[in-house]
Engineer: 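Pasting a structure here, questions to come.
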Amino acid sequence: MSESQKEESGYSDFIREAVAKDLKEGRYKEVHTRFPPEPNGWIHIGHAKAIYVDFEVAASFGGKCNLRFDDTNPEKEDMSYVEAIKRDVKWLGYDWEDREFYASDYYETLYELARKLIRKGLAYVDDLDEEQIKEYRGTNVPDKNNITYTPPGKNSPYRDRSVEENLDLFARMRAGEFPDGSKTLRAKIDMAHPNLLMRDPVMYRIRREPHYRTGTQWCIYPMYDFQHPLSDAIEGITHSLCSLEYEIHRPLYEWFVSNCEVFPSRQIEFARLNLTHTVLSKRWLIQLVREGMVSGWDDPRMPTIAGMRRRGYSPEAIRDFLGRIGIAKTDSMVDIQLLEHCIREDLNKKASRYMAVLNPVKLIIDNWSEDKIELLDAVNNPERPEAGSRKIPFSKVIYIESEDFREVPPPKYYRLFPGNQVRLRYGYVITCTGFEKDPETGRTIAVHAEYDPDTRGGDAKDNRKVKGTIHWVSAESAIPFEARLYDYLFEPERPMDVAPGHSFMENLSEHSLEVVPKAFGEPAIADVPVGETVQFERIGYFCKDPDSTRDSAVFNRTVGLRDTWAKIEKKNS
RNA sequence: UGGGACGUCGGCAAGCGGUAAGCCCCCGGGUUUUGGUCCCGGUAUUCGCAGGUUCGAAUCCUGCCGUCCCAGCCA
């Protein structure tokens with residue numbers, strides 16, 4: 001949906017509807033959101049949806065969106081992730097201006113707010129260990145095959161310590177007097193609450209782990225539920241948009257807001273993105289990287305922003321996709337074909353056309369003189385005449401795609417076969433006169449044809465119909481390159497649906513990458529810059545990979561062209 | 001046998017008491033020097049199910065059923 005349509009149709013999603021209502025009723029005077037990634041991995045298309053929602057909702061109301069690193073777990077976070085996230089958000093087209101924040105910058109304020117809660121008798125230092133906390137919470141009561149959390153929890157014996165003792169203990173926790181895990185600061189809410197998160201949640205834990213930003217300055221770290229609403233408050237966030245799994249955290253979010261008496265941000269939850277044939281969870285992506293199942297975070301098969309960029313996706317196509325899937329509360333699984341449609345649509349308009357042959361077979365034009373080379377005109381982009389044209393050399397021996405020749409044509413095949421006529425794109429109309437086979441393998445090693453001199457450029461002056469047009473590359477000037485043909489990372493639509501005892505790793509596709517070590521391209525491909533996506537006519541879109549060197553190019557297949565012939569052939573078989 | 005949410009076409013998703021938008025996929029047909037693009041046409045008598053209210057219900061009420069989330073001192 002375009003911006004103008006959005007305007008016309010009022011607010012197209014429940015979040016904008018709610019925000020508009022808040023503004024109208026005076027609950028907030030402006031809109032201020034935030035994108036709060038944890039710097040513990042590279043961001044993927046699922047985060048892109050959150051970024052899109054956070055930035056675009058704010059923009060719809062003339063508001064701002066902050067970038068805030070939610071870095072309160074020193075064990076997993078580091079600076080390289082911060083840099084990667086910033087680069088990717090920027091690349092997607094979003095600008096947080098000077099509002100780059102870190103939850104770790106709020107540690108001191110957070111600590112003071114925790115003391116405030118202690119003083120109000122709403123927080124206490126607990127000596128229970130991890131196991132005991134779990135036990136006292138009253139969870140883990142199995143029932144048949146289900147699990148029930150019905151039983152109320154029990155109060156910790158340390159729950160009623162005095163304010164003074166709590167203040168003292170908390171200060172000593174900070175000072176490093178107690179070993180890791182020996183004490184926690186807990187909110188005093190209700191151990192019988194039906195919502196488990198409200199059963200005295202942990203606010204601080206002791207962890208002697210250097211933090212990538214604060215170093216060894218702290219040995220106590222705040223937990224998400226305590227830290228997030230307060231970080232939002234510190235930044236004056238009006239709408240704290242997050243995914244559905246935080247719905248159950250909202251009462252806690254509001255408890256901290258009201259008891260700490262801070263700016264009341266409103267948390268609204270929406271469904272996170274799920275995509276077929278891939279996994280969208282940092283935890284699983286990290287596993288793929290660590291176990292070497294992919295070449296890295298930016299492997300073109302990864303649903304990471306960096307992977308998609310390297311694959312050849314454009315930020316425009318990704319944003320278009322994000323706009324089309326909508327924002328709602330229904331758990332959903334979006335067909336990856338919609339993403340592919342978006343990139344094809346974008347690239348169809350933008351990508352320059354070239355000819356390249358992935359699976360070459362020689363075609364010899366017998367009535368063409370031995371050393372004659374002609375330069376022919378080829379249109380750079382039929383969708384954009386202003387993109388101009390280029391010259392491509394034509395000679396006696398050319399390469400064509402082996403699939404474009406059949407000794408015995410299947411029904412409806414209108415490419416090359418003995419006796420048939422076909423047009424060489426931007427070249428001549430030729431007639432197949434024969435072919436040579438390797439006596440040992442039975443494979444076709446060369447095709448013979450004769451050209452019609454009256455068809456230069458591909459136009460048949462008479463009105464004869466030449467149904468087929470095939471691409472080609474002149475052998476004498478062909479530029480060899482490596483093509484990496486990518487396909488879905490996972491075979492099944494839902495890779496996480498695995499039988500008990502099995503891993504999603506078993507669902508990795510065998511043909512997610514097929515390397516063609518020696519494909520041939522027309523001379524002009526040498527000038528394609530790294531990172532640019534082009535179309536190889538009749539094949540698909542390809543992006544020049546950074547692995548390319550001066551004399552050997554690598555092209556990644558972004559996505560193939562729609563292939564109607566493949567469908568017909570499949571139906572006939 | 002707890003709590004929180006969600007169920008509209010194969011997949012997303014509008015709809016907000018007045019008689020089921022749109023997009024992707026799929027299937028036909030046309031144009032075409034990419035079997036690409038583009039264009040035209042076809043795809044839910046029905047909204048998880050069952051009742052009820054109403055002149056009128058996907059929209060309101062009641063009850064079922066199904067799916068997801070919550071048992072980190074992760075976020």
Engineer: Is there a Watson-Crick or G-U wobble partner for B/G66 with both distances under 3.5 Å, and if so, which one is it?
Structural biologist: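 Because both required distances fall under 3.5 Å, B/G66 counts as paired with B/C6.
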Engineer: A/Tyr107: what forms a ring-ring contact (aromatic ring centres under 6.0 Å, His included) with it, not counting sequence neighbours?
Structural biologist: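 Listed in chain order: A/His211, A/Trp218, A/Tyr221.
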Engineer: Got a sec, which pairs hit salt bridge (charged side-chain N to carboxylate O under 4.0 Å, His left out) with one end in residues 346-356 of chain A, sequence neighbours left out?
Structural biologist: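 Passing the test, one end in residues 346-356 of chain A: A/Glu316-A/Lys350, A/Asp346-A/Lys350.
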Engineer: What does A/Thr72 touch in the nucleic acid at a heavy-atom separation under 4.0 angstrom: a base, only the sugar-phosphate, or nothing?
Structural biologist: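 The residue A/Thr72 makes sugar-phosphate contact but no base contact.
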Engineer: Applying the Watson-Crick and G-U wobble criteria at under 3.5 Å, what pairs with B/C26? Answer none if nothing qualifies.
Structural biologist: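 Because both required distances fall under 3.5 Å, B/C26 counts as paired with B/G42.
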Engineer: Here's one to test your reading of the geometry: is the NZ or CZ of A/Arg390 within 45 degrees of the ring axis of A/Tyr354 and under 6.0 Å from its centre?
Structural biologist: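 Geometry flag: set, cation within 6.0 Å and 45°.
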Engineer: Which sits closer to the 5' end of RNA chain B, A/Arg423 or A/Val334, going by the nucleotide each is nearest to?
Structural biologist: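 Whichever sits nearer the 5' end wins; that is A/Val334.
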Engineer: Please measure how far the C1' atom in B/U54 lies from the corresponding atom in B/U59, and state the result in whole Å.
Structural biologist: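 The same atom, C1', in both gives a distance of 13 Å.
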Engineer: Would you tabulate the nitrogen or oxygen pairs shorter than 3.5 Å linking the protein to nucleotides 3-9 of chain B?
Structural biologist:
| from | atom 1 | to | atom 2 | distance (Å) |
| --- | --- | --- | --- | --- |
| B/A5 | O2' | A/Glu247 | OE1 | 3.3 |

Engineer: With sequence neighbours excluded, what pairs up with A/Asp129 under the side chain to side chain donor-acceptor pair (under 3.5 Å) test?
Structural biologist: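 Side chain to side chain donor-acceptor pair (under 3.5 Å) check on A/Asp129 returns nothing, list empty.
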Engineer: If you look at every strand shown and take non-hydrogen atoms under 4.0 Å, does A/Gln337 touch a base, only sugar-phosphate, or nothing?
Structural biologist: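 Since only primed, P, OP1 and OP2 atoms lie under 4.0 Å of A/Gln337, the category is sugar-phosphate.
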Engineer: Looking at A/Asp563 and A/Arg538, does any basic side-chain N land under 4.0 Å from a carboxylate oxygen?
Structural biologist: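 Salt bridge: no.
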Engineer: Listing time: all N or O pairs from protein to nucleotides 15-17 of chain B that are below 3.5 Å?
Structural biologist:
| from | atom 1 | to | atom 2 | distance (Å) |
| --- | --- | --- | --- | --- |
| B/C16 | N4 | A/Glu17 | OE2 | 3.0 |

Engineer: Tell me, please, which residues at least two apart from A/Tyr224 pass ring-ring contact (aromatic ring centres under 6.0 Å, His included).
Structural biologist: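 With sequence neighbours excluded, A/Tyr224 shows a ring-ring contact (aromatic ring centres under 6.0 Å, His included) to A/His228, A/Tyr246, given in chain and number order.
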Engineer: Please classify the nucleic acid contact of A/Pro222 as base, sugar-phosphate, or nothing, using heavy-atom distances under 4.0 Å.
Structural biologist: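 It contacts sugar-phosphate atoms only.
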